[in-house]
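Right, one structure below, let's go through it.
No experiment lies behind these values; they were computed from the predicted model shown. Labels below follow one simple rule: chain letters A, B, ... track the order of the sequence lines, proteins then strands, and each chain is numbered from 1.
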Amino acid sequence: MSIDLKTIKHISKLSRISVDEQKAEKLAEDLSSIFEFIEKLNQLNTDKVEPLTSVAETSLKFRSDEVKSKNIREQIIKNSPEDNKDFFVVPKVVE
Amino acid sequence: MSEITNQSLTSLAQNIKDKKLSSEEITKAFIERSEKSKELNTYISEDFSNAIDKAKKFDQNPNLNLKLPGIPIAVKDLFCTQNVRTTAGSKILENFIPTYESTVTQNIWDEGAILLGKLNCDEFAMGSSNETSFYGNVQNPIDKGLVPGGSSGGSAAALSGKLTPITIGTDTGGSIRQPASFTGTVGLKPTYGSCSRYGIVAFASSLDQAGPMAQNVKDCALLQEVISTYDKKDSTSIDFKRNEFSKELTKDIKGKKIGIPKEYRVDGMPKEIEELWQKGIQYVKDCGAEIIDISLPNTSYALPTYYIVAPAEASSNLARYDGVKYGFRAKGENLIDMYEKTRSEGFGAEVQRRIMIGTYVLSSGYYDAYYLKAQKVRKLIKNDFDEAYKKVDAILTPSTPSSAFKIGEKKDDPVSMYLNDIFTVPVNLAGLPAISIPAGHDASGYPLGLQIIGKAFKEQEILNIAYAMEDKINFKNNITDWWIK
């Protein structure tokens, strides 16, 4: 299957990754060859097969939602590219 | 110093216990060699002066009952280490300092080991040659200009170059076993759920597993014993009785049934790989095991399945890198523009490719055709193994379809790069354990590995088979230290 530029632009929007024309063309080429390779799966009839969602044959355990870390607010904020000491800062969203 | 760095983990630990060597002497020896080995580009972050302080502290009051007493270790930069930068090989995490420690590394420190530094890897573990790292190529100590494999390429190179006595990697589609094979070292990918994923930078959560890499099977068994624990912090960690792998290790594999899957004889496989496989078959026969021909009919569908499942999970896992809470941020005119530019400038080409594949196969209108289809084929692949394991105890295959290739050789052709993992990927899809051991050399003198795949939770079984084979193979790595001036 070939992936056209329009599709690339659509996926780039969904992925929140900006692409310029040149990059879009290269991606279209790469993704087309990858999807050609993936199409091989259509040779298999899987109508009666149950999808595998987890290899671990156990059910997920419940746990209570408790705070375990203490006083790491400052450390966490420190990793932020822009902060005002108390909050994460993002470009203005509301005018 | 080489008399220290050439030693196996087992021998270093014994020397510490016998008080013939101190942790400081050992730590300094590995640091000194690492300093002379910058050309290999194995380290992303060094933590050498802290390592020496920790070694001195260990020597003041050594606890000799620990399994890794005062042993210095460098680890893949995909494991979060508290207060030590963790990049996952990406620009987007260039300045990320974790506030917490991964369970696997914590287990290692709890047994007395000391962090040397963080090792290079493909960006977010997406790659088979270490060429997708933002921090540059890693050189394979085997020969200049050769890739060490990937994604745990820095780990494999540091181990075979004797810059660390043991190391850990992660394996989503072959990222421990393929680099182990390319560098003449031993690498184990444990059963899914055996090692905690807590604190490991996530790539594809249903496939990712941490595992040990070592110079020999015994060291590998000991490290697996340390890192494999049940962990409440990882909801897919499995609570089962874990063996004391190194103590229970035996070369007695008499009567074990070893399966040889005919589908692994792929078109265009070099003759020397086929010959190596035949030699491997002879070795296990010599150990008294029985060879049984088996079929894993859906093998050829494993890679296409993997290249839907892994990118789908990655696209979801990597949504967290938005330039807000941590990591790199690009300037943007508004919030969306900031997100888009941050991700475009912060991620490398292969990561962007995989996020976009994943986003596409999960997008409205394509989910059933790709993602659901892949999950169904994944079931068929797992069924193949379940069926085979009614007849055999383990399966023997080559680890990779070729020896290490040249830097740059496959970089521009993603599909040919993906084919590297043809023998390793089915194992991750089925959640099984598998080990790669060095088993011979090709015509250029580059190492080749054999893979032993086990039943779920039967790490001990494959370690035993590897241990018995290792004795017969008697592999020697030809490393000339070409990078040391």
Side-chain angles (χ1 to χ4, degrees), chain A residues 1 3 7-8 10-20 23 26-27 30-31 33-58 60-63 68-69 72-83 88-93, chain B residues 95-97 99-100 192-193 206 232 235-236 238 298 300-301 303-305 307-308 315 319 322-329 332-341 343-344 347 352-353 355-357 359-360 363 370 372-380 382 413-415 418 429-431 456:
Chain A
M1 191 183 81
I3 308 264
T7 310
I8 291 292
H10 174 61
I11 318 172
S12 97
K13 211 171 190 62
L14 293 176
S15 312
R16 293 270 187 256
I17 296 176
S18 66
V19 295
D20 57 22
K23 198 162 130 187
K26 173 84 174 88
L27 275 165
D30 288 345
L31 263 61
S33 73
I34 293 164
F35 276 94
E36 198 179 307
F37 173 68
I38 288 174
E39 298 289 312
K40 186 181 161 71
L41 295 187
N42 292 333
Q43 296 169 2
L44 275 177
N45 182 334
T46 51
D47 290 350
K48 288 183 181 147
V49 184
E50 278 295 307
L52 185 147
T53 47
S54 166
V55 285
E57 284 159 359
T58 54
L60 294 179
K61 290 188 179 72
F62 283 97
R63 58 168 172 77
K68 296 248 169 75
S69 315
I72 55 166
R73 180 196 179 98
E74 210 170 293
Q75 280 173 281
I76 299 241
I77 291 278
K78 230 200 256 174
N79 269 316
S80 163
E82 204 181 327
D83 67 77
F88 297 121
V89 175
V90 294
K92 203 170 180 179
V93 218
Chain B
N95 300 310
F96 177 60
I97 314 281
T99 56
Y100 58 95
Y192 185 79
S206 80
K232 284 186 178 156
S235 58
T236 58
I238 297 173
N298 294 296
S300 69
Y301 299 104
L303 268 180
T305 302
Y307 276 96
I308 293 173
S315 73
D322 58 3
V324 175
K325 302 174 294 298
Y326 39 72
F328 168 81
R329 172 189 290 192
E333 286 166 21
N334 52 47
L335 185 64
I336 303 291
D337 191 47
M338 184 278 280
Y339 287 155
E340 291 184 344
K341 285 190 175 135
R343 291 163 63 80
S344 176
F347 290 136
Q352 293 189 29
R353 226 168 4 229
I355 291 175
M356 293 182 78
I357 297 169
T359 303
Y360 186 63
S363 68
Y370 291 109
L372 195 66
K373 178 85 186 180
Q375 282 186 309
K376 288 179 171 188
V377 181
R378 187 174 178 185
K379 179 78 180 172
L380 294 177
K382 186 170 185 292
D413 181 358
V415 173
Y418 297 170
L429 290 171

Next on the checklist: Could you check whether atom CD of Gln43(A) has more than 12 heavy atoms from other residues, nucleotides or ligands sitting under 6.0 Å from it?
Outcome noted: yes
Checklist entry - Would the number of heavy atoms belonging to other residues, nucleotides or ligands and lying under 6.0 Å from NZ of Lys232(B) be above 12? => result no
Let me know if [X] has heavy atoms under 4.5 Å from chain A in its side chain, its backbone, both or neither.
X         : result
Phe96(B)  : both
Ala430(B) : backbone
Ser235(B) : both
Tyr418(B) : side chain
Met356(B) : both
Leu303(B) : both

Checklist entry - Do Ser80(A) side-chain atoms and Val324(B) backbone N/O form a donor-acceptor pair below 3.5 Å? => result yes
Item to check | Main-chain N/O of Arg343(B) paired to Arg16(A) side chain as donor or acceptor, under 3.5 Å | outcome: no
If you define the side chain from C-beta out and look only at heavy atoms, does anything of [X] sit under 4.5 Å from [Y]?
X        : Y         : result
Ser54(A) : Thr236(B) : no
Asn95(B) : Asn79(A)  : no
Glu36(A) : Val415(B) : no
Phe37(A) : Pro304(B) : yes
Glu82(A) : Arg329(B) : yes

At what distance, to the nearest 0.5 angstrom, does [atom1] of [X] lie from [atom2] of [Y]?
X         : Y         : atom1 : atom2 : result
Ile357(B) : Ile11(A)  : CD1   : CD1   : 9.0 Å
Leu41(A)  : Asn298(B) : CG    : CG    : 10.0 Å
Tyr326(B) : Phe88(A)  : OH    : CZ    : 9.0 Å
Glu340(B) : Lys13(A)  : CD    : NZ    : 5.5 Å
His10(A)  : Thr359(B) : NE2   : OG1   : 9.5 Å
Asn42(A)  : Lys373(B) : CG    : NZ    : 5.5 Å

Let me know if [X] has heavy atoms under 4.5 Å from chain B in its side chain, its backbone, both or neither.
X        : result
Ile8(A)  : both
Ser69(A) : neither
Lys68(A) : neither
Asp20(A) : neither

Can you give me the closest heavy-atom contact between [X] and [Y], atom names plus distance?
X         : Y         : answer
Arg353(B) : Leu27(A)  : CG-CD2, 4.0 Å
Ser344(B) : Ser18(A)  : OG-O, 3.0 Å
Ser15(A)  : Ile355(B) : CB-CG2, 3.9 Å
Leu52(A)  : Lys382(B) : CD1-CD, 3.4 Å

Checklist entry - Looking at Thr53(A), Ile34(A), Ile76(A), Leu14(A), which has the largest count of heavy-atom pairs under 4.5 Å with chain B? => result Ile34(A)
Checklist entry - Do you know which of Ile72(A), Leu44(A), Val93(A) has the most heavy-atom pairs under 4.5 Å to chain B? => result Leu44(A)
Checklist entry - Run the side-chain contact (heavy atoms from CB on, under 4.5 Å) check on Arg378(B) and Val55(A) step by step: do they pass? => result CA-CA 10 Å; Arg378(B) 187 174 178 185; Val55(A) 285; 3.6 Å; yes
If you count heavy-atom pairs under 4.5 Å with chain A, which of [options] comes out on top?
options                                    : answer
Ser206(B), Gly327(B), Ser363(B), Gly193(B) : Gly327(B)
Tyr192(B), Phe328(B), Tyr339(B), Tyr301(B) : Tyr301(B)
Lys325(B), Gln352(B), Lys341(B)            : Lys325(B)

Checklist entry - Between Tyr360(B) and Phe35(A), does the ring centroid distance fall short of 6.0 Å? => result yes
